[in-house]
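Worth knowing before you read on, the calculation uses all heavy atoms, side chains too, and leaves out hydrogens, waters and symmetry mates.
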Amino acid sequence: MSKINYLLFGGSGFIGHHLTNLIKEKELIPYVFDIEEPITKDSFFETVDVREDIKTTYQPFKNDIIFNLAAVHRTPGHPSNEYFETNLLGAENVCNYASKHKISTIVFTSSIATYGTYEAQKSEDTIPRPDIPYGISKLTAEYIHKLWQQEDPENRRLIIVRPGVVFGEFEKGNFTRLINSISKNRFFYPGRKDTIKACIYVKDLVNIVFQMTEKEKDGVSTYNLTYQPAPSIKKICTVISNNGKLFAPKIKLPSVVLLIISKMIYSITKKESIHPDRVKKLMISNNINGTKLNSRYTLKYGLESGISDWMKDTGFKEKKVIY
């Protein structure tokens with residue numbers, strides 16, 4: 001068998017950084033293609049816009065493996081058309097690139113947003129009901145990848161992963177804001193304490209998707225990437241407080257009060273972190289079932305060890321802040 005290299009489309013960001021590091025730790029070669037330079041500066045990098053026909057100076061081997069991480073994903077935060085332009089054209093162009101170079105494996109990072117926003121638990125067998133442009137674009141991108149696989153079903157392998165909320169170094173999202181708010185005693189439970197927040201530590205995520213390239217058979221495999229059972233917001237806050245030796249939040253504010261405050265502040269500052277739609281999301285469970293993943297793969301960290309490892313990586317206990 002010829003050599004295997006790993007091609008990371010959209011590999012410059014948070015998940016791509018950790019996946020790049022893992023591949024290099026295994027003394028293998030990651031090739032990063034993105035419109036922005038990667039966090040990991042010492043990797044092979046080539047500027048590629050997945051919204052256009054993909055051409056690379058790197059000449060792939062047919063046994064190479066593609067990780068399609070390219071996406072417009074922060075929501076709210078973009079006009080609706082941007083989700084569709086990048087996520088759909090990106091899926092089509094990455095699949096065309098794979099076909100052109102006879103690459104037979106694609107790992108596509110989708111999203112739990114494909115299920116829609118409602119309280120009931122969702123498994124891989126749940127019929128998707130996306131209700132925001134991001135979720136609709138990701139589900140459509142899944143179908144584009146499936147069409148690629150069906151063109152040669154006996155020889156092509158498609159692995160679709162739907163991560164919960166991913167946390168870890170360089171995340172700069174919900175978990176980062178949560179940890180920093182708790183450290184400053186500024187976090188209040190948004191309306192309830194039992195909201196389920198399916199999540200996974202980024203190092204667990206990249207370990208698992210790499211293992212999948214070694215273990216999954218030809219065909220289409222779909223996995224929710226989240227810990228099982230998915231933790232409540234109270235559980236997450238308790239783990240953060242214990243690891244950081246912080247005071248655990250106890251105060252719960254009525255949802256109506258939070259929404260009024262967020263609308264007032266957002267109207268003045270226009271900061272996406274306090275967008276009313278983002279505040280609403282905090283009050284609704286993203287209750288994702290991770291039984292399939294956890295029954296077939298061993299996750300190294302888990303919630304408690306993952307948060308502890310993240311705090312150690314960033315020197316949180318000395319700085320009392322995560323950037």
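Between the side chain of K197 and the backbone N or O of I284 there is at least one donor-acceptor pair closer than 3.5 Å. At distances below 3.5 Å, not a single donor-acceptor pair connects side-chain atoms of D53 with backbone N or O atoms of N93. Side-chain atoms of N87 come within 3.5 Å of backbone atoms of V72 as a donor-acceptor pair (strictly under, hydrogens ignored). Between the side chain of K292 and the main chain of S123, no donor-acceptor pair closer than 3.5 Å is present. Side-chain atoms of N63 never come within 3.5 Å of backbone atoms of I4 as a donor-acceptor pair (strictly under, hydrogens ignored). Looking at N68, its side chain does come within 3.5 Å of a backbone N or O of A70 through a donor-acceptor pair. N5 places no side-chain N or O within 3.5 Å of a backbone atom of D64 that could act as its donor or acceptor partner. The main-chain N or O of Y301 is found under 3.5 Å from a side-chain atom of D204 such that the two form a donor-acceptor pair. Between the side chain of S308 and the backbone N or O of E304, no donor-acceptor pair lies under 3.5 Å. E46 places a side-chain N or O within donor-acceptor distance of the main-chain N or O of T57, the cut-off being under 3.5 Å.
Once rounded to the nearest 0.5 Å, the distance linking CG of N224 with OG1 of T126 reads 8.0 Å. Atoms CZ and OG1, on R51 and T86 in that order, are 4.5 Å from each other to the nearest 0.5 Å. Distance check: S285 OG to Y118 OH gives 12.5 Å after rounding to the nearest 0.5 Å. From Y201, atom OH reaches atom NE2 of H18 across 6.5 Å, with rounding to the nearest 0.5 Å. Within the model, atoms CG of L225 and CG of L205 stand 5.0 Å from one another, a figure rounded to the nearest 0.5 Å. Taking CG of L8 as the start and CG of L19 as the end, the distance is 4.5 Å to the nearest 0.5 Å.
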### CA sep, side-chain torsions, deciding dist, call: E124, T222, side-chain hydrogen bond (donor to acceptor under 3.5 Å, both in side chains)
CA-CA 7 Å; E124 290 86 351; T222 303; over 6 Å; no
### Task
Would you check, one step at a time, whether the test side chain to side chain contact (heavy atoms under 4.5 Å, CB included) holds for Y227 with L299?
CA-CA 9 Å; Y227 298 130; L299 288 84; 3.4 Å; yes
### Message
One pair to check against side chain to side chain contact (heavy atoms under 4.5 Å, CB included): H145 and C95. What are the steps and the verdict?
### Response
CA-CA 7 Å; H145 285 83; C95 288; 3.7 Å; yes
### CA sep, side-chain torsions, deciding dist, call: L28, F210, side chain to side chain contact (heavy atoms under 4.5 Å, CB included)
CA-CA 12 Å; L28 301 168; F210 189 89; 3.7 Å; yes
### Query
Which is it for I322 and N180 under the side chain to side chain contact (heavy atoms under 4.5 Å, CB included) test, yes or no, and what are the steps along the way?
CA-CA 6 Å; I322 282 182; N180 290 339; 4.0 Å; yes
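In this structure the side chain of N96 never reaches within 4.5 angstrom of the side chain of K100, judged on heavy atoms. Inter-residue side-chain proximity for S232 and K193 is flagged as unmet; no heavy-atom pair is nearer than 4.5 Å. Using a 4.5 Å heavy-atom threshold, the side chains of I136 and F84 count as touching. I39 places none of its side-chain heavy atoms less than 4.5 Å from the side chain of T20. Considering only heavy atoms from C-beta on, F316 stays 4.5 Å or farther from W310 through its side chain. Residues Y97 and L7 meet the side-chain proximity criterion, which asks for heavy atoms closer than 4.5 Å. Using a 4.5 Å cut-off on side-chain heavy atoms (C-beta onward), F67 and T213 make contact. Between T226 and L293 there is no side-chain heavy-atom pair separated by less than 4.5 Å.
Contact between L303 and C199 at its shortest, heavy atoms only, is CD1-SG, 4.0 Å. Here the shortest heavy-atom pairing between A141 and A91 reads CB-CB, 3.8 Å. The two residues S241 and I182 make their nearest non-hydrogen contact at OG-CG2, 3.8 Å. Considering all non-hydrogen atoms of both residues, P133 and Y83 come closest at CB-CD1, 3.9 Å. Closest non-hydrogen pair, G191 versus K252, comes out as O-CD, 3.4 Å. The nearest pair of heavy atoms linking P249 to Y189 is O-CE1, 3.2 Å.
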Side chains of residues 161-170: which donor-acceptor pairs under 3.5 Å do they make with residues two or more places apart or in other chains?
{"unit_1": "R162", "atom_1": "NE", "unit_2": "E142", "atom_2": "OE2", "d": "2.9"}
{"unit_1": "R162", "atom_1": "NH1", "unit_2": "Y115", "atom_2": "OH", "d": "2.8"}
{"unit_1": "R162", "atom_1": "NH2", "unit_2": "E142", "atom_2": "OE1", "d": "2.8"}
{"unit_1": "R162", "atom_1": "NH2", "unit_2": "E142", "atom_2": "OE2", "d": "3.4"}

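Residue F247 places its CZ atom among 12 or fewer non-hydrogen atoms of other residues, nucleotides or ligands, all under 6.0 Å distant. Heavy atoms of other residues, nucleotides or ligands lying less than 6.0 angstrom from CD of Q211 number more than 12. For K146, the NZ atom is densely surrounded, since the number of other residues' heavy atoms within 6.0 Å is greater than 12.
D131 is linked by a salt bridge (charged side-chain N to carboxylate O under 4.0 Å, His left out) to nothing, counting only residues two or more places apart in sequence or in another chain.
Contact check on D309 versus K300 returns no salt bridge, with no Lys/Arg side-chain nitrogen under 4.0 Å from an Asp/Glu carboxylate oxygen. Between E119 and R192, at least one side-chain nitrogen of the basic residue sits less than 4.0 Å from a carboxylate oxygen of the acidic one, meeting the salt-bridge criterion. Of the charged side-chain nitrogens involved, at least one lies within less than 4.0 Å of a carboxylate oxygen, so that R156 and E151 count as a salt-bridged pair.
Tracing side-chain contacts under 4.5 Å through hydrophobic residues (I, L, V, M, F, W, Y), one never reaches I54 starting from V32; they form parts of separate clusters. There is a path of hydrophobic side-chain contacts, each under 4.5 Å, that joins L69 to I159. I144 and V220 fall into different hydrophobic clusters, where Ile, Leu, Val, Met, Phe, Trp and Tyr are joined by side-chain heavy atoms under 4.5 Å apart, directly or via other members. In the hydrophobic cluster analysis, where Ile, Leu, Val, Met, Phe, Trp and Tyr join through side-chain heavy atoms closer than 4.5 angstrom, F45 is grouped apart from I23. The hydrophobic clustering, which links ILVMFWY residues whose side-chain heavy atoms are closer than 4.5 Å, places V107 and Y223 together.
Between the side chains of T176 and E171, at least one donor N or O sits under 3.5 Å from an acceptor N or O.
Between F9 and F33, the ring planes are parallel. Angles under 30° get that label, and only those over 60° would be called perpendicular.
Counting only residues at least two apart or in different chains, salt bridge (charged side-chain N to carboxylate O under 4.0 Å, His left out) contacts with residues 6-30 comprise K24-D42.
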